2 protein chains.
Amino acid sequence: MERSTHPDSVQSLTRGLHVLTAFNRGSSRMTLSEIAVLSDLTRGTTRRLLLTLVENGYVGLDGKFFYLRPQLLELGYSYLASLSFNDIVQKHLNLIAEQLHESASASVLVFPEVVYVARASTNRVMTIGLSVGSKLPALYTSMGRIMLAQLSENELEKHLNSVTLAPPTPRAIKTIAEVRTELEKVRSQGYSILDQELEIGLRSIGVSIGSHVNDTYAAINISVPASRLSVEELEVKILPMLQNTAQQINSELGSVWPS
Amino acid sequence: MERSTHPDSVQSLTRGLHVLTAFNRGSSRMTLSEIAVLSDLTRGTTRRLLLTLVENGYVGLDGKFFYLRPQLLELGYSYLASLSFNDIVQKHLNLIAEQLHESASASVLVFPEVVYVARASTNRVMTIGLSVGSKLPALYTSMGRIMLAQLSENELEKHLNSVTLAPPTPRAIKTIAEVRTELEKVRSQGYSILDQELEIGLRSIGVSIGSHVNDTYAAINISVPASRLSVEELEVKILPMLQNTAQQINSELGSVWPS
DNA sequence: AACAATAGTTCGCTATGCGAACAAAAGAAG
DNA sequence: CTTCTTTTGTTCGCATAGCGAACTATTGTT
């Protein structure tokens, strides 16, 4: 747990937020000692910070176990609410999902991941495991790649310097050099296709939405079983509709998002 | 901004979180002075806390404007992720929405509001304005009422003592006494019906899900245009299916939620 | 029952964070 | 454009907030 060099930095706040994120790294209910170890802080300090979070209602305490409380949603969703984003996107995802009879999603870039913020599907057999709030490695999702392709050279370098590649399938790219090549291609195409890299049997195509207001890189995608559509078919049949949807979303966002 | 009386309370953390919630009370981009006023802290303190939030990536700074960044989703969604909740609920909402051709939603209680955590709709004309992350006053939603009806007397009293009623329509209940009567009825019925109280022309019916693990009160509902279904029809045609869905969700949650 | 591990409490200490005041920069008004 | 006002940034003395270490109490394990 490192001390900031910035004189105006409030160490206790940094530490408290770090303790809060320990739940992302550990399990849903943890003891003081477990959290202290994950946070790399002494038990005494960790305890005080946790008790403060309990007092403020973000964390609960049951016996010796600490857990996250619903009030935490206030923090997370205030970001989405500040974007005036989700209802517009959800509406258009519903439309395209119905037109295509495929799953449609939106996510934002929270490197090294993408976080799903909206989904629509008309399939009764829904692909389990992905819902709003789900996170996937940005480098191995179509949405992540189109978003990364839009970062400045500086930002992209910073991210690539801090990431450890963990290819999810044997088909997935394995080196940072491959990442750069792929992002170059995605950048020039204006869309990205993921071909069974995240999951064997699954293809997806992603385009970006929005204008990077408030550091927000967002994208939408369509995912399909590989048995149903080839890469070429994704490009020919799906991409035009997806791009049209993105344009409609951007048009509506344009009236609420400052440029 | 009050000082806690608890000796183990870390004031700077409390203050920092309070500053973060200022964005819920103000606009999406604010100056230092605006935030300081909303937070009831001096400019110097507010500035240090904000700069700490900026340093940690939760808040951004553009010129003199502070804004929330996507990293904040990490905090909010860690709560949902800790529940292993959303994919199960979303799947069942999709099913019942398709069976009924009505909008289905799930929310959790973050008093004085409910926060929508999942939605499904097969309608092309989606009711705009409600999406994941949306908040509505708990006292004026069917889901809010069924959740409140399950609180302990103590908890309910605490909430009712701290709330200011703001009836959204002329039909809506106006006094705490009316709230109590309604919740008593809801408690004995095991479901709640909202009849054009939140919005003229809209009815909804809600049942609870889950077992209050980690202080989480959750519910699902079906909302319909009042022109389509009467209150009686909600009870006769919709309620059995909604209750069945809740049972299925609970059954699946039972295997991931501790009792 | 004995031992080990964990959680809670206490306390001396200092450095962290504070508020107040001043300086600089930006914005508003004429 | 100038002048005045407001806001933001910086500095600094101070004291208390928060810390870590040590001890005590409780819980868990063998």
Side-chain angles (χ1 to χ4, degrees), chain A residues 1-23 25-69 214 258, chain B residues 1-23 25-69 214 258:
Chain A
M1 192 66 223
E2 304 205 342
R3 178 72 222 262
S4 168
T5 52
H6 198 293
D8 288 328
S9 185
V10 178
Q11 181 177 217
S12 297
L13 176 55
T14 293
R15 284 177 160 185
L17 292 167
H18 187 62
V19 163
L20 199 42
T21 62
F23 289 91
R25 303 191 286 280
S27 55
S28 60
R29 292 163 76 86
M30 291 191 282
T31 64
L32 167 62
S33 296
E34 289 171 322
I35 297 166
V37 167
L38 285 175
S39 306
D40 197 25
L41 293 167
T42 64
R43 282 191 301 102
T45 293
T46 306
R47 184 167 179 275
R48 275 191 294 270
L49 296 170
L50 280 168
L51 290 181
T52 303
L53 292 168
V54 168
E55 188 179 30
N56 284 279
Y58 295 108
V59 168
L61 176 58
D62 176 22
K64 49 191 266 203
F65 292 103
F66 293 94
Y67 56 89
L68 300 180
R69 293 189 75 256
N214 293 2
Chain B
M1 192 69 219
E2 305 207 344
R3 177 72 222 257
S4 166
T5 52
H6 199 291
D8 287 329
S9 186
V10 179
Q11 180 179 215
S12 297
L13 175 56
T14 293
R15 284 177 160 185
L17 292 166
H18 187 62
V19 163
L20 199 42
T21 63
F23 290 91
R25 304 190 285 278
S27 55
S28 60
R29 291 164 75 87
M30 292 192 280
T31 64
L32 168 62
S33 297
E34 289 170 323
I35 297 166
V37 167
L38 286 175
S39 305
D40 196 23
L41 293 168
T42 66
R43 283 188 302 99
T45 294
T46 307
R47 184 169 176 275
R48 275 191 295 270
L49 296 170
L50 280 168
L51 290 183
T52 303
L53 292 168
V54 167
E55 187 179 31
N56 284 280
Y58 296 108
V59 169
L61 178 58
D62 176 21
K64 50 191 267 203
F65 292 102
F66 294 94
Y67 57 88
L68 301 179
R69 294 190 73 255
N214 292 3

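Model, not experiment: these values are computed from the prediction.
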Taking C-beta and beyond as the side chain, do [X] and [Y] meet within less than 4.5 Å on heavy atoms?
X       : Y        : result
A:Tyr58 : A:Leu68  : no
A:Leu17 : B:Leu53  : yes
B:Leu49 : B:Leu41  : yes
B:Arg69 : A:Asn214 : no

>> Each nucleotide in nucleotides 3-11 of chain C should get exactly one letter: B, S or -. Can you fill that in based on protein heavy atoms under 4.0 Å?
In response: ---SBBB--
What is the separation between atom [atom1] on [X] and atom [atom2] on [N], rounded to the nearest whole Å?
X       : N      : atom1 : atom2 : result
A:Leu53 : D:dG18 : CG    : P     : 13 Å
B:Leu50 : C:dC18 : CG    : P     : 12 Å
B:Leu49 : D:dG9  : CG    : C1'   : 16 Å
A:His18 : D:dG18 : NE2   : C1'   : 18 Å
A:Leu13 : D:dC19 : CG    : P     : 12 Å
A:Leu51 : D:dG18 : CG    : P     : 13 Å
A:Gln11 : C:dA15 : CD    : P     : 12 Å

> So does A:Thr42 get a side-chain nitrogen or oxygen closer than 4.0 Å to the phosphate oxygens (OP1/OP2) of D:dC19?
Replying inline: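 No, because none of the side-chain N or O atoms of A:Thr42 sits under 4.0 Å from OP1 or OP2 of D:dC19.
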>> Under the salt bridge (Lys or Arg N to Asp or Glu O under 4.0 Å) definition, can you give me all pairs with a residue in residues 54-67 of chain A, not counting sequence neighbours?
In response: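 Qualifying pairs, neighbours excluded: A:Arg29-A:Asp62.
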> Going by the salt bridge (Lys or Arg N to Asp or Glu O under 4.0 Å) test, which pairs reach into residues 44-54 of chain A, not counting sequence neighbours?
Replying inline: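 Residue pairs with at least one partner in residues 44-54 of chain A: A:Arg47-B:Asp8.
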> Sequence neighbours excluded, which residues qualify as side-chain hydrogen bond (donor to acceptor under 3.5 Å, both in side chains) partners of A:Glu34?
Replying inline: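 Expected list: A:Thr31.
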>> Please enumerate all residues that pass side-chain hydrogen bond (donor to acceptor under 3.5 Å, both in side chains) together with A:Tyr67, with sequence neighbours excluded.
In response: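 For A:Tyr67, the residues satisfying side-chain hydrogen bond (donor to acceptor under 3.5 Å, both in side chains) (neighbours in sequence not counted) are B:Asp215.
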> DNA chain D: stems of at least 3 consecutive Watson-Crick or G-U pairs, cut-off 3.5 Å?
Replying inline: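 Detected stem regions: C:1-30 with D:1-30.
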> Which heavy-atom pair separates A:Phe23 from A:Phe66 by the least distance, and what is that distance?
Replying inline: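 In this case the closest contact between A:Phe23 and A:Phe66 is CE2-O, 3.5 Å.
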